[in-house]
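The block underneath contains the structure these notes are about, expressed in structure tokens.
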Amino acid sequence: MFDTLNTGIVLMLVLSGVVVGIINTLAGGGSVVSVTMFAALGLPIGMANGTNRLPVLLQNFTSTLTFLRKRMLDVRTGLLLSIPTVAGNIAGSVAASHVDERIFKVCMSVVLAVILVYMIFDRHKHYHGGPEMEIRKRHYMWFLAVGFYSGYIYIGLGYLILAIAVWSMKLDIITANVIKNFVIFVSTPFALAVFAVNGQVAWIYGLLHGAGNIVGAFLASHYAVGWGVRFVKIFTIFVVLFCFADLTGIVSLREIFGGMLASLR
């Protein structure tokens, strides 16, 4: 049974949403916080996974709108990459009816380990892709696979897209983040619809957390350029380390949230 809403839980959902919105806009991995918190509030893991798609959609809508206004987004490239992502997203969402928490942890641990190694040891200065960025056939295949992962698990999706955009498309991390937010915004409604049809979306929790996501996404996307590539890279490494520590048992987000919730009851 879900926890009864009170002022403390509402504030927790909204404020944590602000943090998650900032994390996901600049890097990724914030959904670890969201899904873990939803589970601590009493949602089954499948419903926590589905509910998470609502704040993800709201957050990426906000950041995409801001990037558009700043003329940082190449819409044509984003749409072309979104087509295979949407196809994979629908397939992954259908397959996600019964998600084992162990699969979450294994997949996320592998993704974070790979990204962490790359972010620490990479010494290349990636150029700003702009409107001239080139899409090759392999990129469509990559984004089809990314779409399936997005629909099935989602956690760590931002890092997967960043990896492809930085390694294969040779984009700098800020440009990669712009493309990442747009592709996720376009593809997420399809996954949300699949989970909603299967009754796996807790709308009130998702909307409250999503309200915070909107604020966090606005702050991050509005000031990201001023913070620079170096800051975003360091921030990404910090978030990856924290998420990896949670997955490997060094820290426990679920226990942290559980303690906070106990104090609010």
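Below, each value reflects all heavy atoms present in this structure, side chains not excepted, and no hydrogens, waters or symmetry copies. Keep in mind that this is a model prediction, so the values were computed, not measured.
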About how many Å separate [atom2] of [Y] and [atom1] of [X], when rounded to the nearest 0.5 Å?
| X | Y | atom1 | atom2 | result |
| --- | --- | --- | --- | --- |
| Phe67 | Ile174 | CZ | CD1 | 8.5 Å |
| Met12 | Leu208 | CE | CG | 12.5 Å |
| Trp142 | Trp167 | CH2 | CH2 | 8.0 Å |
| Tyr154 | Leu160 | OH | CG | 11.0 Å |
| Thr66 | Leu219 | OG1 | CG | 9.5 Å |
| Asn89 | Ser82 | CG | OG | 10.5 Å |

Contact between [X] and [Y] at the side-chain level, heavy atoms closer than 4.5 Å - yes or no?
| X | Y | answer |
| --- | --- | --- |
| Leu79 | Phe182 | yes |
| Leu57 | Arg53 | no |
| Leu81 | Met169 | yes |
| Gln59 | Asn181 | yes |
| Thr85 | Val186 | no |
| Val33 | Val19 | no |
| Ser150 | Ile184 | no |
| Phe61 | Ile214 | no |

Same hydrophobic cluster for [X] and [Y], using side-chain heavy-atom links shorter than 4.5 Å among ILVMFWY?
| X | Y | result |
| --- | --- | --- |
| Ile179 | Val75 | yes |
| Ile204 | Leu43 | yes |
| Ile83 | Leu73 | no |
| Ile90 | Leu54 | yes |
| Tyr140 | Leu144 | no |

Grab the two heavy atoms, one from [X] and one from [Y], that are nearest each other, plus how far apart they are.
| X | Y | value |
| --- | --- | --- |
| Ser34 | Val20 | OG-CG1, 3.5 Å |
| Val183 | Gly78 | CG2-O, 4.0 Å |
| Asn52 | Ser31 | ND2-OG, 3.1 Å |
| Ser168 | His139 | OG-NE2, 2.9 Å |
| Ala176 | Ala165 | CB-CB, 3.6 Å |
| Ala48 | Ala39 | CB-N, 4.2 Å |

Can Leu41 and Leu13 be said to form a side-chain contact (heavy atoms from CB on, under 4.5 Å), step by step?
-> CA-CA 10 Å; Leu41 285 167; Leu13 284 166; 3.7 Å; yes
Mark yes when over 12 heavy atoms from residues, nucleotides or ligands other than Phe148 sit less than 6.0 Å from its CZ; otherwise mark no.
->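 Atom CZ in Phe148 is packed in, count exceeds 12.
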Using a cut-off of 6.0 Å, state whether more than 12 heavy atoms not belonging to Arg71 lie near its atom CZ.
->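 Open: at most 12 neighbouring heavy atoms sit under 6.0 Å from CZ of Arg71.
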Could you label the plane-to-plane angle of the Phe38 and His209 rings as parallel, tilted or perpendicular, counting under 30° as parallel and over 60° as perpendicular?
->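 Rings of Phe38 and His209: perpendicular, as their planes differ by over 60°.
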Residue pair Val56, Asn213: steps toward the side-chain contact (heavy atoms from CB on, under 4.5 Å) verdict = CA-CA 8 Å; Val56 164; Asn213 272 234; 5.7 Å; no
Quick check: does any side chain N or O of Asn49 sit under 3.5 Å from a backbone N or O of Tyr152, one acting as donor and the other as acceptor?
->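 Yes, because the side chain of Asn49 sits within donor-acceptor range (under 3.5 Å) of the backbone of Tyr152.
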Between Ser63 and Asn60, is there a donor-acceptor pair closer than 3.5 Å when you use the side chain of the first and the backbone of the second?
->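 A pair under 3.5 Å: yes.
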